[in-house]
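Please read all numbers here as calculations on a predicted model, not as lab measurements.
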Amino acid sequence: MKIIGIQRAAIFSPNSVAKDEAILRAVIEELGGDIIKEECLQPAMLQSVDLILNMGRHCQTLDWLQKAEEEGAVVINSAEGVRRCRRSEVERIMRIHQIPCPPAEGTQGYWLKRADQSAQTQGDIRFCPDRQTLENALDFFRRQGIDNYVIQSHVEGDVVKFYGVGNTDFFRIFYPGDDNETKFGDETINGRPHHFAFNLAKLQQAAHQLSMLTRTPVYGGDAIITQEGNFYIIDFNDWPSFSRCRTDAAGVIAAYVRANGTPEKKCRQDTTQEDELG
């Protein structure tokens with residue numbers, strides 16, 4: 001079996017290039033295969049490949065991967081899954097399926113997030129303490145040609161990062177306020193974590209449901225835990241760095257790939273997903 005891993009382009013790994021490469025390399029070392037940087041990828045490199053471990057996000061990359069899937073390759077995460085992880089699509093899916101997410105209106109401020117693709121710079125995600133600041137930020141987005149965005153009300157509480165792998169028991173949460181590991185520093189708006197009690201099993205269930213709905217088995221995200229113990233998913237990503245649990249995650253991802261990495265197994269999994277989604 002020929003296996004390749006596609007390392008995400010640096011533009012889609014702000015302040016995380018080494019971390020993103022590390023998890024992909026750890027999985028490839030368990031399975032065998034080669035890593036190709038997304039910036040160097042060409043369609044010919046995908047020919048006669050059986051299994052592709054994908055962190056790529058360029059539109060062109062996704063088009064090539066979709067064609068490779070149509071020709072029989074198994075891609076994890078698939079082109080369709082990565083497309084479904086765009087913020088506007090995740091927001092739509094969560095609201096349709098009543099997965100807890102922040103309301104659009106609130107009294108504690110707003111978050112304006114570029115939604116056509118993942119954040120590339122700190123300016124793609126903006127905290128706006130009031131409506132006027134939000135209007136100014138929206139005007140800036142429009143002048144930059146950004147017309148695909150989401151607005152979420154600010155929710156006070158603990159920020160937690162979660163990581164999971166579909167159809168497994170693997171699910172980990174971490175508080176970035178405890179280790180100060182952060183991409184843009186946005187977590188500091190919520191202050192130091194209080195470690196409010198909440199139902200971890202329900203968060204895992206919601207994250208797994210979102211993973212199924214987005215067809216993204218290797219996933220991560222962020223949630224807010226309120227003082228009352230409620231949670232709201234505020235971000236969901238295809239194939240994060242798993243930097244806080246890389247060793248454990250790599251083994252689980254590799255096992256998942258072995259169990260689902262052939263066209264026949266992938267077909268059975270997709271049928272199961274459709275059954276679960278109704």
Side-chain angles (χ1 to χ4, degrees), residues 3 5-8 10 12-33 35 53-57 76-77 81-82 85 90 99 118-119 157-188 190 192-212 214-225 231-261:
I3 302 173
I6 298 177
Q7 181 184 339
R8 183 174 296 141
F12 298 119
S13 289
N15 303 322
S16 300
V17 173
K19 295 175 186 177
D20 284 348
E21 179 185 2
I23 182 60
L24 182 61
R25 190 168 298 281
V27 177
I28 283 289
E29 286 176 354
E30 290 222 20
L31 296 172
I35 292 178
L53 307 182
N54 174 51
M55 298 184 82
R57 288 177 177 167
I76 302 173
N77 291 313
V82 176
C85 281
V90 169
I99 298 173
S118 61
D158 293 340
V159 179
V160 298
K161 287 193 171 292
F162 59 82
Y163 305 92
V165 181
N167 291 336
T168 75
D169 293 329
F170 183 88
F171 189 76
R172 302 285 189 275
I173 67 162
F174 299 89
Y175 293 79
D178 284 344
D179 60 19
N180 294 319
E181 184 178 327
T182 178
K183 186 175 292 185
F184 295 125
D186 292 327
E187 297 89 348
T188 60
N190 283 65
R192 301 289 296 182
H194 296 83
H195 297 270
F196 296 129
F198 73 103
N199 191 320
L200 177 60
K202 286 189 175 181
L203 174 60
Q204 180 176 359
Q205 181 181 23
H208 179 68
Q209 181 185 10
L210 192 50
S211 166
M212 295 286 289
T214 58
R215 293 184 177 274
T216 309
V218 184
Y219 68 88
D222 299 79
I224 300 292
I225 313 299
F231 67 82
Y232 301 88
I233 294 177
I234 60 172
D235 201 11
F236 187 83
N237 303 300
D238 59 286
W239 207 315
S241 67
F242 293 89
S243 59
R244 296 172 173 88
C245 52
R246 182 183 304 126
T247 301
D248 290 343
V252 175
I253 294 169
Y256 174 87
V257 171
R258 291 189 188 100
N260 299 277

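To the nearest 0.5 Å, the span separating CG on D248 from CZ on R172 amounts to 5.5 Å. Atoms CZ and CD1, on F198 and I173 in that order, are 3.5 Å from each other to the nearest 0.5 Å. Here I6 contributes atom CD1 and N54 contributes atom CG; the two are 5.0 Å apart, rounded to the nearest 0.5 Å. In this structure, CG on L24 lies 11.5 Å from CZ on R246, to the nearest 0.5 angstrom. Rounded to the nearest 0.5 Å, atoms CD1 (I234) and CG (D222) are 5.0 Å apart.
Without hydrogens or angle criteria, D158 side chain to I225 main chain gives no donor-acceptor distance under 3.5 Å. Counting only distance, with no hydrogens or angles, the side chain of S211 and the backbone of A207 share no donor-acceptor pair below 3.5 Å.
Judged as a salt bridge (charged side-chain N to carboxylate O under 4.0 Å, His left out), and not counting sequence neighbours, the contacts of D238 are R8, R57. With sequence neighbours left out, R25 forms a salt bridge (charged side-chain N to carboxylate O under 4.0 Å, His left out) with E21.
Checked by atom type, the side-chain pair S13/D20 shows a donor-acceptor distance below 3.5 Å. For R244 and Y163, the side-chain atoms include at least one donor-acceptor pair closer than 3.5 Å.
Inter-residue side-chain proximity for V165 and F171 is flagged as unmet; no heavy-atom pair is nearer than 4.5 Å. With contacts defined as side-chain heavy-atom distances shorter than 4.5 Å, the pair P176/V159 qualifies. Side-chain contact between I224 and F231 is absent, with no heavy atoms from C-beta onward closer than 4.5 Å. With a 4.5 Å cut-off on side-chain heavy atoms, M55 and N77 do not count as touching.
Summarising the local packing, NE2 of H195 is surrounded by more than 12 heavy atoms from other residues, nucleotides or ligands at distances under 6.0 Å.
Relative ring orientation between F236 and Y219 is described as parallel, the plane-to-plane angle staying below 30° on a 0-90° scale split at 30° and 60°.
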